[in-house]
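The structure under discussion appears below in the form of structure tokens.
All residue numbers refer to positions in the sequence shown, counting from 1.
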Amino acid sequence: MEKTTDVLLLTMNSSEEQETVCIFGTGDFGKSLGLEMLQCGYSIVFGSRNPQMSSLLPNGAEVLSYSEAAQKSDIIIMAIHREHYNFLTELTEVLNGKILVDVSNNLKIKQYPQSNAEYLAQLVPGAHVVKAFNTISAWALQSRALDASRQVFVCGNDSKAKQRVMDIVRSLGLTPLDKGSLMAANEIENYPLQLFPMWKFPFYLSAVLCVFFFFYCVIREVIYPYVYEKKDRTFHLAISIPNRVFPIAALTLLALVYLPGVIAAILQLYRGTKYRRFPDWLDHWMLCRKQLGLIALGFAFLHVLYTLVIPIRYYVRWTWTNRTIAQAIAKKERPFSTSTAWLSDSYIAMGMLGFFLFVLLGITSLPSVSNMVNWREFRFVQGIPCQDS
Ligand SMILES: Cc1cc2nc3c(=O)[nH]c(=O)nc-3n(C[C@H](O)[C@H](O)[C@H](O)COP(=O)(O)OP(=O)(O)OC[C@H]3O[C@@H](n4cnc5c(N)ncnc54)[C@H](O)[C@@H]3O)c2cc1C
Ligand SMILES: NC(=O)C1=CN([C@@H]2O[C@H](COP(=O)(O)OP(=O)(O)OC[C@H]3O[C@@H](n4cnc5c(N)ncnc54)[C@H](OP(=O)(O)O)[C@@H]3O)[C@@H](O)[C@H]2O)C=CC1
Ligand code: HEM
Ligand SMILES: [Fe+3]
């Protein structure tokens with residue numbers, strides 16, 4: 001409800017300051033952005049190939065031809081596809097000196113030799129092109145989906161033009177991130193097309209580790225007893241073997257999280273400086289330590305869950321009762337061994353402590369937490385090597 005009051009207040013108090021913004025294109029994105037901006041107090045002029053067909057546009061917005069609309073504002077948001085930019089060459093005159101906001105995305109990475117924003121700057125050299133809004137979907141704008149990312153990467157060669165666009169981004173309640181000059185447009189256009197780029201290597205590595213340890217355990221715990229002792233241990237596939245694979249994979253990945261740091265430190269000592277780039281393989285490995293660490297934490301969680309069910313497993317209960325009955329029949333007592341008690345309790349205590357530290361690392365890697373600590377505090381917590389059982 002307060003939203004409407006805000007808009008009313010904004011509109012009432014600042015109608016004289018109402019900024020007019022022009023939006024080229026009356027498609028999904030143009031419409032959603034136009035509606036949002038109207039609600040935030042901007043006055044909107046749409047440019048369209050068929051101004052008379054403007055039924056579905058937000059009321060309160062004017063719809064004119066592209067060249068007429070361009071004259072109404074010094075900032076024009078290009079809500080059209082790159083493939084349709086060529087008509088802009090006929091409007092160079094009226095677009096001269098204006099701020100053109102390129103919001104376009106491509107269908108795949110490296111679809112064109114140069115970014116859409118640089119292509120636009122080439123078509124209309126007299127205008128100031130700023131890249132923005134391409135990471136925000138029309139749907140997120142309409143539905144105000146809070147889960148969708150609210151970060152808007154902005155780049156452009158003219159700092160004043162960039163500032164104007166970043167002010168619009170802020171007034172829409174989004175977060176502008178200045179990525180520098182128009183050279184960054186390529187990276188910004190690739191951003192919505194990426195699919196967990198930093199998780200690929202960690203995922204593949206974890207899969208290879210799991211498959212390797214799984215087959216090793218199957219040979220040792222199922223095939224070997226079957227061949228040599230004719231014992232059917234296939235039921236180990238369900239819990240026992242995964243409860244070996246997960247903790248071992250967790251520990252191996254944890255080691256791979258801290259190993260590159262050591263290699264990096266040795267390399268720096270050997271080179272006598274820390275200001276030279278690492279080799280690409282080490283750089284990439286260093287950059288995906290967070291993902292390796294979080295996957296390791298996932299495996300540790302699974303191990304804890306699988307361990308907690310040990311006492312209720314049929315096989316375990318059967319073994320325990322059987323052992324007790326056999327002892328009763330043989331009238332043999334098994335003396336209590338303090339050292340065994342010490343060993344097993346410290347084994348489990350180490351696991352729990354290790355797990356606590358592990359979860360602590362995971363918590364500090366949450367952006368909302370890591371943004372609250374300074375670099376030294378972050379390094380302090382993250383640099384605690386996970387001591388585990
Ligand atoms: C559950 C879990 C969550 C994790 N979450 C995160 C996370 O959110 N973010 C994260 O970054 N890591 C995360 N990690 C990985 C790991 O904890 C951190 O990367 C930690 O900082 C590694 O500490 P380190 O001392 O091994 O390496 P570093 O602190 O990186 O230092 C290693 C050496 O390399 C040098 N060095 C490091 N980077 C550079 C550089 N760019 N240029 C020049 N020299 C450099 C340092 O001076 C030092 O000599 C996580 C790990 C786990 C297990
Ligand atoms: N949809 C989304 O969620 C997002 C879209 N974007 C970007 O916004 C831009 C617009 O996307 P979207 O609104 O979805 O696309 P639409 O196809 O829905 O709309 C594009 C608009 O461009 C105008 N246009 C101008 N010339 C032509 C032409 N020759 N052929 C077709 N249309 C033309 C049309 O408006 P008219 O008929 O009035 O002239 C049309 O409605 C694209 O660059 C897209 O990458 C960025 C982020 C998210
Ligand atoms: C609450 C925390 C934990 C508890 C209670 C716990 C307990 C146990 C138990 C009972 C076993 C024997 C399981 C079996 O034989 O079937 C075990 C095995 C093991 N645990 Fe955990 N542990 C915990 C956390 C961890 C963590 C965080 C790690 C490492 C990341 C870890 C690594 C291991 C390893 C490597 C094994 C041996 C697997 C094998 O070869 O059988 N443990 N732990
Ligand atoms: Fe353990």
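- Between the side chains of Thr364 and Gln382, at least one donor-acceptor pair of N or O atoms lies under 3.5 Å.
- Atom CD of Glu93 sits in a sparse spot, with 12 or fewer heavy atoms from other residues, nucleotides or ligands closer than 6.0 Å.
- The side-chain contact (heavy atoms from CB on, under 4.5 Å) test applied to Pro176 returns Val154, Met166, Val169, Arg170, not counting sequence neighbours.
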(message) Is there a side-chain contact (heavy atoms from CB on, under 4.5 Å) between Glu83 and Tyr112? Walk through the geometry before answering.
(response) CA-CA 11 Å; Glu83 296 74 25; Tyr112 297 102; 2.6 Å; yes
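- Checked by atom type, the side-chain pair Ser43/Thr20 shows a donor-acceptor distance below 3.5 Å.
- Side-chain atoms of Ile23 and Phe29, non-hydrogen and from C-beta on, never get closer than 4.5 Å to each other.
- When only modelled atom types and interatomic distance are considered, Ser240 and Tyr315 share no side-chain donor-acceptor pair under 3.5 Å.
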Side-chain donor-acceptor pairs under 3.5 Å in residues 185-193, sequence neighbours left out?
{"from": "Glu189", "atom 1": "OE1", "to": "Asn116", "atom 2": "N", "distance (Å)": "2.9"}
{"from": "Glu189", "atom 1": "OE2", "to": "Asn116", "atom 2": "N", "distance (Å)": "3.1"}
{"from": "Glu189", "atom 1": "OE2", "to": "Ala117", "atom 2": "N", "distance (Å)": "3.2"}
{"from": "Glu189", "atom 1": "OE2", "to": "Lys131", "atom 2": "NZ", "distance (Å)": "2.9"}
{"from": "Asn190", "atom 1": "ND2", "to": "Asn186", "atom 2": "O", "distance (Å)": "3.4"}

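- Ile168 and Ile99 fall within the same hydrophobic cluster, where Ile, Leu, Val, Met, Phe, Trp and Tyr residues are linked whenever their side-chain heavy atoms come under 4.5 Å apart, directly or through other members.
- Among residue pairs with one or both ends in residues 325-334, none qualify as side chain to side chain donor-acceptor pair (under 3.5 Å); sequence neighbours excluded.
- In summary, the aromatic rings of His303 and Phe355 are positioned with their centroids too far apart to meet the 6.0 Å limit.
- Taking the six-membered ring where the residue is Trp, Tyr85 and Tyr119 present parallel rings, their angle staying beneath 30° rather than reaching 60°.
- Below 30°, between 30° and 60°, or above 60°: for Trp281 and Trp285 the angle between ring planes is between 30° and 60°, a tilted geometry.
- At a threshold of 4.5 Å between non-hydrogen side-chain atoms, the residues Pro58 and Ile44 do not count as touching.
- Phe246 and Phe299 have parallel rings, their planes meeting at less than 30° on a 0 to 90° scale where 60° marks the start of perpendicular.
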(message) Does Glu68 form a side-chain contact (heavy atoms from CB on, under 4.5 Å) with Val94? I'd like the steps, not just the answer.
(response) CA-CA 9 Å; Glu68 288 160 344; Val94 71; over 6 Å; no
